[in-house]
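So you know, we letter chains A, B, ... as the sequences are listed, proteins then strands, and number each from 1.
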Number of protein chains: 2
Amino acid sequence: MTDDASGTNVLFDLWLASRAATSVLDEALRPAGLTADEFAVYSVLVAAPLTPGELASWMAAPPTTVSSYVRRFEARGHVRRLPHPDDGRSYRVELTREGRRAHQRAGALFLPVLRDVEARLGRSTGAVRGALARTRTALDVVRPGGA
Amino acid sequence: MTDDASGTNVLFDLWLASRAATSVLDEALRPAGLTADEFAVYSVLVAAPLTPGELASWMAAPPTTVSSYVRRFEARGHVRRLPHPDDGRSYRVELTREGRRAHQRAGALFLPVLRDVEARLGRSTGAVRGALARTRTALDVVRPGGA
DNA sequence: TCTAGATACTACGAGATCGCATTACTTGGA
DNA sequence: TCCAAGTAATGCGATCTCGTAGTATCTAGA
């Protein structure tokens with residue numbers, strides 16, 4: 001179950017699927033002015049404000065990348081920095097009303113794609129999600145520092 | 001099965017898993033001088049020479065990105081351009097001996113990670129791969145132009 | 001209380017990604 | 001045989017990613 005005849009493997013499959021998703025979503029979301037990655041970050045933030053560090057471990061990105069994101073989103077007026085109550089070195093990143101609106105606009109373009117993919121996956125959607133969650137967990141264990 | 005209580009979905013899960021994988025592999029492969037993306041491309045090419053266009057649709061990347069890849073890999077001496085027999089506008093990208101060696105060195109660093117992930121996925125590895133393949137297919141259908 | 005070491009973030013810069021516009025070749029039709 | 005339209009790849013440039021090095025703050029121990 002390791003490598004099949006085609007010489008591929010789980011991680012390669014993951015790479016292909018993810019590239020396909022990013023490519024489709026980048027294009028679908030373009031009219032809303034967000035990339036697939038940005039939309040994902042907005043989606044995390046819409047649930048609750050997070051510190052840059054938390055965001056970094058969530059999305060498995062280096063701190064400097066998150067820093068750039070915050071700067072960019074703030075320049076767009078989509079995000080605001082709230083002082084951190086217990087730690088003066090940090091802060092919390094919160095979506096502004098404008099940011100939430102942008103997320104919603106993008107969401108309207110995202111949903112049809114999601115629905116289409118879900119429809120094609122059919123009742124196996126849940127299984128796929130479970131598989132992805134397990135894969136992520138496996139990877140987080142391999143490299144400490146994950147969520 | 002669409003969105004669970006956490007407000008996430010299959011595509012979001014895919015994004016998280018893929019980011020985790022890239023992050024782990026970028027670090028693991030660094031001593032070999034390849035990124036996770038580059039390793040994946042080398043892996044495709046090690047099987048057979050491809051045209052830039054074929055490569056682009058395989059990895060769902062824009063042609064200009066593939067162009068940059070080829071230029072970079074060629075500068076490293078890892079890749080060579082073979083004239084295309086039937087089409088003077090194109091060519092085929094082939095891994096050189098040196099490129100194959102680099103791929104092998106990276107492969108030695110990649111394998112332990114893969115084995116670890118597979119071990120943690122256990123007998124569900126095959127199911128996960130199937131799920132990923134179906135997801136990719138679904139996405140390719142959503143946006144024509146896939147493999 | 002003071003300080004050494006750890007931790008959170010960022011300035012900066014090198015290099016990567018990818019859209020737009022262009023060049024080069026191929027192909028189908030007159 | 002020509003040519004108009006279509007297709008493959010690339011030059012260029014704007015923007016993004018992220019490693020290195022550095023600043024600000026926190027924490028534990030003496």
Side-chain angles (χ1 to χ4, degrees), chain A residues 15 18-20 22-31 33-42 49-76 78-93 144-145, chain B residues 15 18-19 22-31 33-42 49-76 78-93 143-145:
Chain A
W15 180 74
S18 159
R19 297 216 48 124
T22 300
S23 152
V24 168
L25 288 175
D26 276 350
E27 176 147 347
L29 302 184
R30 185 158 307 145
L34 293 185
T35 65
D37 279 3
E38 290 173 346
F39 178 68
V41 174
Y42 279 41
L50 254 56
T51 68
E54 290 166 334
L55 206 45
S57 59
W58 246 104
M59 62 186 284
T64 46
T65 300
V66 172
S67 235
S68 305
Y69 272 57
V70 173
R71 163 196 296 294
R72 190 154 82 244
F73 299 165
E74 191 178 39
R76 289 177 187 164
H78 287 177
V79 128
R80 161 178 37 228
R81 304 178 195 222
L82 302 178
H84 192 294
D86 314 327
D87 193 337
R89 298 165 301 179
S90 186
Y91 57 89
R92 280 176 312 143
V93 184
Chain B
W15 180 74
S18 159
R19 297 217 48 127
T22 300
S23 152
V24 168
L25 289 175
D26 276 350
E27 177 149 346
L29 302 184
R30 184 159 307 145
L34 293 185
T35 64
D37 280 4
E38 290 173 346
F39 178 69
V41 174
Y42 280 41
L50 252 56
T51 68
E54 289 166 334
L55 206 45
S57 59
W58 245 102
M59 59 187 285
T64 45
T65 300
V66 172
S67 237
S68 305
Y69 271 60
V70 173
R71 163 197 296 292
R72 190 155 81 244
F73 299 166
E74 191 179 38
R76 289 176 187 165
H78 286 178
V79 128
R80 163 180 33 227
R81 304 179 195 221
L82 302 178
H84 194 294
D86 313 327
D87 191 338
R89 296 166 302 180
S90 186
Y91 57 88
R92 279 175 312 145
V93 183
R143 169 167 175 35

Figure out the [atom1]/[atom2] separation between [X] and [N], and round it to whole Å.
X	N	atom1	atom2	value
A/L55	C/dT10	CG	C1'	15 Å
A/R76	D/dC16	CZ	C1'	11 Å
B/L25	D/dC18	CG	P	14 Å
B/F39	C/dA16	CZ	P	19 Å
A/L34	D/dT15	CG	P	16 Å
A/M59	D/dC16	CE	C1'	12 Å
A/D37	D/dC18	CG	C1'	14 Å
A/F73	D/dT15	CZ	P	16 Å

Name all residues meeting the side-chain contact (heavy atoms from CB on, under 4.5 Å) criterion together with A/A28; count only those two or more places apart in sequence or in a different chain, and write none if there are none. A/V113

Can you name the residues that form a side-chain contact (heavy atoms from CB on, under 4.5 Å) with A/A36, not counting sequence neighbours? A/T22, A/L25, A/D26

Quick one: [atom1] on [X] to [atom2] on [Y], what's the gap to the nearest 0.5 Å?
X	Y	atom1	atom2	value
A/E38	A/R76	CD	CZ	4.0 Å
A/R92	A/R81	CZ	CZ	14.0 Å
B/R19	A/W58	CZ	CH2	13.0 Å

According to a strict under-4.0 Å criterion, is A/Y69 in side-chain N/O contact with OP1 or OP2 of D/dT17? yes

Along DNA chain D (nearest heavy atom to each residue), the more 5'-positioned of B/R19 and A/G88: B/R19

Quick check: are there more than 12 heavy atoms from other residues, nucleotides or ligands sitting under 6.0 Å from CZ of A/R71? no

Summarise how protein sits on nucleotides 6-13 of chain D as a single string, 5' to 3': B when a protein heavy atom is under 4.0 Å from the base, S for sugar-phosphate-only contact, - for no contact. BBSSBB--

